[in-house]
Amino acid sequence: MVNAKIEKFFAALAKANPKPKGELEYTNPYTLLVAVVLSAQATDTGVNKATRSLFAAVDTPEKMVKLGEKKLRNHVRTIGLFNTKAKNILSLSKMLIERFDGKVPRDRAALESLPGVGRKTANVVLNIAFGEPTIAVDTHIFRLGNRTGLAPGKTPLAVEEALLRRVPKKYLRHAHHWLILHGRYVCKARKPDCPNCVVRQFCEYDAKTTA
DNA sequence: AACTCGGGGCA
DNA sequence: TGCCCAGAGTT
């Protein structure tokens, strides 16, 4: 995809998402980190529902340790893979207290050293909590990047690097979130809603299937 | 590269 | 009722 096309691609996404919801609503790096760890292979709505009461009372690693793994597990029981996730979140919270002064580190290697935190989760935290120009490539963005021709790549890391090269700098701050929302609700895996897609005129997939 | 974790949402 | 989901860790 050529540069002029990419610029219009993101301008259209920006216009379609004036007030993006979801992760951008988090102002606390710690609850953001916990929410993203919980969201692995689960639906965002399910995570939001389960964590609403939890985060009202528990918004620091100290409070999480005090709550304990058993009660945490009860809070997130409706989320898939909750057993492993609860264990990771307790362990991760203790590590934050012992090694990072109780704060979420603004550092990729430090973040990825935490249990349950991989490259995708680290990128979300770096972007949303600290304003770093990262792109977190999940299944949605991986599919969208390849399908549209915006950022083709064999692996998630390859797609991430392609996006970092191609996304205009002024859009880098929000590109990650726009792409996730677009992949989730419009450029869906099964049945992409091309008729209602704001970037269809820049999309190689739409050109191939409907032209 | 393949396998496992996992309850809820949705067709 | 069956299939899939805002991944990460292990083998």
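Each chain gets a letter, A, B and so on, in the order the sequences are listed, and its residues count up from 1. Both backbone and side-chain heavy atoms feed into the values below; hydrogens, waters and symmetry mates do not.
- One interatomic measurement links the two molecules: CG of A:Asn127 to C1' of C:dA6, which rounds to 14 Å at whole-angstrom precision.
- A:His182 meets the side chain to side chain donor-acceptor pair (under 3.5 Å) test with no other residue; sequence neighbours excluded.
- Taking the 5' to 3' direction, DNA chain B first and last meets chain A under 4.0 angstrom from a heavy atom at B:dC5 to B:dG9.
- Evaluation of the salt bridge (Lys or Arg N to Asp or Glu O under 4.0 Å) rule for A:Lys94 yields no partner, not counting sequence neighbours.
- The residues A:Arg147 and A:Glu204 are annotated as not salt-bridged, no charged nitrogen and carboxylate oxygen being separated by less than 4.0 angstrom.
- By the side chain to side chain donor-acceptor pair (under 3.5 Å) test, A:Arg106 is found to be paired with A:Glu132, residues two or more places apart in sequence or in another chain being considered.
- Protein atom CD1 of A:Ile79 is 13 Å distant from nucleotide atom P of C:dG7, rounded to whole Å.
- Nucleic acid contact class of A:Thr121 (heavy atoms, under 4.0 Å, all strands): sugar-phosphate only.
- With sequence neighbours excluded, the residues satisfying salt bridge (Lys or Arg N to Asp or Glu O under 4.0 Å) with A:Arg108 are A:Glu112.
- The separation between A:Lys49 atom NZ and C:dA6 atom P is 16 Å, rounded to whole Å.
- Scanning for side-chain contact (heavy atoms from CB on, under 4.5 Å) contacts around A:Arg165 gives A:Glu161, A:Ala162, with sequence neighbours left out.
- Taking atom CD1 on A:Ile128 and atom C1' on C:dA6, their separation rounds to 12 Å, with Å as the unit.
- Here C:dG7 presents its C1' atom at 14 Å from CG of A:Leu33, a figure rounded to the nearest Å.
- Atoms CD1 (A:Ile141) and C1' (C:dG7) sit 13 Å apart, rounded to a whole Å.
- The NZ atom of A:Lys49 sits 11.0 Å away from atom CD1 of A:Ile79, with the distance rounded to the nearest 0.5 Å.
- Alongside A:Val65, the hydrophobic cluster contains A:Ile97 (criterion: ILVMFWY side chains under 4.5 Å).
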Got a list of protein N/O to nucleotides 2-5 of chain C N/O distances below 3.5 Å?
| from | atom 1 | to | atom 2 | distance (Å) |
| --- | --- | --- | --- | --- |
| C:dC4 | O5' | A:Arg190 | NH2 | 3.3 |
| C:dC5 | O2 | A:Gln41 | O | 3.4 |

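- Straight-line distance between the P atoms of B:dC3 and C:dC4: roughly 15 Å, to the nearest whole Å.
- Where A:Lys154 and A:Gly80 meet DNA chain B, the nucleotide closest to each residue was compared, and A:Lys154 sits on the side nearer the 5' end.
- At a threshold of 4.0 angstrom between heavy atoms, the contacts of A:Asn88 with the nucleic acid are absent.
- Cluster partners of A:Leu157, using a side-chain heavy-atom cutoff of under 4.5 Å among ILVMFWY residues and allowing indirect links: none.
- Among residues two or more places apart in sequence or in another chain, the salt bridge (Lys or Arg N to Asp or Glu O under 4.0 Å) test is passed with A:Arg73 by A:Glu69.
- The stretch residues 110-118 of chain A comes close to DNA chain C through A:Leu114, A:Pro115, A:Gly116, A:Val117, A:Gly118, each having a heavy atom under 4.0 Å from the strand.
- For the side-chain contact (heavy atoms from CB on, under 4.5 Å) test, residues two or more places apart in sequence or in another chain that qualify with A:Asn74 are A:Arg77.
- Whole-Å rounding puts the A:Ile89 CD1 to C:dA8 P distance at 13 Å.
- Annotation: the span from A:Leu38 atom CG to A:Asp44 atom CG amounts to 12.5 Å, rounded to 0.5 Å.
- C:dA6 and B:dA11: their P atoms are spaced 14 Å apart (whole Å).
- The CG atom of A:Leu92 sits 10 Å away from the P atom of C:dG9 (whole-angstrom rounding).
- B:dG6 and C:dT10: their P atoms are spaced 14 Å apart (whole Å).
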